[in-house]
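Small disclaimer: the values here were computed from a predicted structure and weren't measured.
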Amino acid sequence: MSNALPTNIRQVVLSIDFDGVLHPLEAAYAVNDSRLPRDELLRAGLFCHCQLLEDLLRTRAPLKLIVHSSWRLACPTERIRELLGPLGHRLRGVTPTDIADREESILEVLRRWQVPKKNLVVLDDHAFYFRTLRNNVVKCPSEAGLVSVVGGLTDALDRAGGL
């Protein structure tokens, strides 16, 4: 039995925002210090959808998880990995911190990794930040986050993965 992936499955890059995606945007306003211990951030309602995203990704072919959230500007990559909790093991990195524009930072990663745009899914609550990648965005309602777009995310990952 071969461990190779079927030829119709492509490598997928999933780029995620934090505020309004991995937790409701309102929860982010309750905390003003990203250096707090993760358990305190969890108690404040932050990162409450990390396990849900990990559960959704568990049965999928491996993908490259990157973070384009503004949290990448204040936290080193290892701290981002810690904050992601059950998702931390999937993190491949953050988009370049010297590129403030979300879309441009993601496009730079795609260029570096030579990944076509069709293999990208972006989870964000602010779709208006994206022009070139607008068809790759799964928009989360800021007040709920990921929990309200599970079906849309699953469909987008299927399309990006060539299934």
Side-chain angles (χ1 to χ4, degrees), residues 5-25 27-28 38 46-97 99-142 144-163:
L5 292 174
T7 56
N8 67 328
I9 295 180
R10 300 180 296 257
Q11 182 67 56
V12 175
V13 174
L14 175 61
S15 186
I16 60 172
D17 183 26
F18 286 177
D19 301 332
V21 175
L22 292 183
H23 48 259
L25 185 58
R38 184 173 187 274
L46 277 75
F47 302 100
C48 61
H49 300 318
C50 287
Q51 186 62 56
L52 172 61
L53 185 54
E54 172 60 17
D55 291 345
L56 289 170
L57 299 177
R58 185 172 291 127
T59 60
R60 301 193 158 273
L63 57 75
K64 295 179 180 181
L65 178 66
I66 60 172
V67 170
H68 67 268
S69 169
S70 60
W71 285 65
R72 79 190 197 287
L73 304 174
C75 300
T77 302
E78 283 310 308
R79 173 66 173 163
I80 296 286
R81 187 180 316 282
E82 174 194 346
L83 292 172
L84 290 171
L87 278 171
H89 71 101
R90 294 185 176 277
L91 183 67
R92 292 294 303 268
V94 300
T95 61
T97 57
I99 303 174
D101 182 90
R102 292 178 191 210
E103 182 173 63
E104 285 304 315
S105 72
I106 294 168
L107 288 168
E108 178 58 26
V109 169
L110 294 181
R111 280 189 285 273
R112 288 179 188 177
W113 291 353
Q114 299 180 354
V115 174
K117 286 185 281 188
K118 66 183 177 186
N119 295 64
L120 170 73
V121 176
V122 177
L123 266 176
D124 204 299
D125 63 325
H126 296 300
F128 59 83
Y129 285 133
F130 302 92
R131 298 159 309 282
T132 303
L133 299 174
R134 70 181 168 273
N135 294 329
N136 300 76
V137 177
V138 176
K139 184 187 180 307
C140 298
S142 298
L146 172 64
V147 70
S148 61
V149 296
V150 169
L153 174 59
T154 300
D155 292 345
L157 290 169
D158 287 348
R159 285 190 304 275
L163 299 177

Is there side-chain contact between Asp158 and Arg60, with heavy atoms separated by less than 4.5 Å?
yes

If you take all heavy atoms of Ser15 and Leu120, which pair is closest and at what distance?
CB-CD1, 4.3 Å

Judged by atom type as modelled, is there a donor-acceptor pair below 3.5 Å linking the side chain of Arg72 to the main-chain atoms of Pro96?
yes

May I have the step-by-step check of side chain to side chain contact (heavy atoms under 4.5 Å, CB included) for Leu123 and Cys140, ending in yes or no?
CA-CA 7 Å; Leu123 266 176; Cys140 298; 3.7 Å; yes

Check: Glu82 main-chain N/O paired with Arg38 side-chain donor or acceptor under 3.5 Å
yes

Considering all heavy atoms of both residues, which atom of Cys50 and which atom of Leu22 are nearest to each other, and what is their separation?
SG-CD1, 4.0 Å

Is the backbone N or O of Pro86 less than 3.5 Å from a side-chain atom of Gln51, with the two atoms forming a donor-acceptor pair by type?
no

Inter-residue atom distance Asp19.CG - Leu46.CG, 0.5 Å rounding:
6.5 Å

From Leu87, Ile80, Asp17, residue fulfilling side-chain contact (heavy atoms from CB on, under 4.5 Å) relative to Val67
Ile80

Thr154 side-chain N/O to Val150 backbone N/O, donor-acceptor pair under 3.5 Å:
yes

Using the six-membered ring of Trp71, assess whether NZ or CZ of Arg79 lies under 6.0 Å from its centre and within 45 degrees of the ring axis.
no

Please find the pair of heavy atoms, one from His49 and one from Pro24, that lie closest to each other, and give the distance.
NE2-CD, 4.3 Å

Distance-minimising heavy-atom pair for Asn136 and Lys117
ND2-O, 2.6 Å

Apply side chain to side chain contact (heavy atoms under 4.5 Å, CB included) to residues Val122 and Val138 and explain how you reach the verdict.
CA-CA 6 Å; Val122 177; Val138 176; over 6 Å; no

Would you find a donor on one side and an acceptor on the other, under 3.5 Å apart, between the side chain of Arg92 and the backbone of Ile66?
no

Give a yes or no on whether a salt bridge exists between Asp125 and Lys139, defined as a side-chain N under 4.0 angstrom from a carboxylate O.
no

On a heavy-atom basis, the closest approach of His68 and Asp124 is NE2-OD2, 2.7 Å

With side chain to side chain contact (heavy atoms under 4.5 Å, CB included) as the test, would you mind laying out the steps for Val13 and Asn119 before giving the verdict?
CA-CA 6 Å; Val13 174; Asn119 295 64; 5.9 Å; no

Under the 3.5 angstrom rule, does the side chain of Glu103 hit a backbone N or O of Leu133 as a donor-acceptor pair?
yes

Residues two or more places apart in sequence or in another chain: which of them pass side-chain hydrogen bond (donor to acceptor under 3.5 Å, both in side chains) with Arg134?
none

Do any N or O atoms from the side chain of Arg90 and from the backbone of Leu65 form a donor-acceptor pair under 3.5 angstrom?
no

Give a yes or no on whether the backbone of Phe47 and the side-chain of His23 come within a donor-acceptor separation of less than 3.5 Å.
yes

Side-chain contact, heavy-atom cut-off 4.5 Å: Arg102 with His126?
yes

Side chains of Glu104 and Leu107 in contact at under 4.5 Å (non-hydrogen atoms):
yes

Ignoring hydrogens, what is the shortest heavy-atom contact between Val121 and Ala160? Give both atom names and the distance.
CG2-CB, 3.7 Å

Side chain to side chain, Leu84 and Ile16, heavy atoms closer than 4.5 Å:
yes

Any side-chain heavy atom of Leu153 within less than 4.5 Å of one from Leu53?
yes

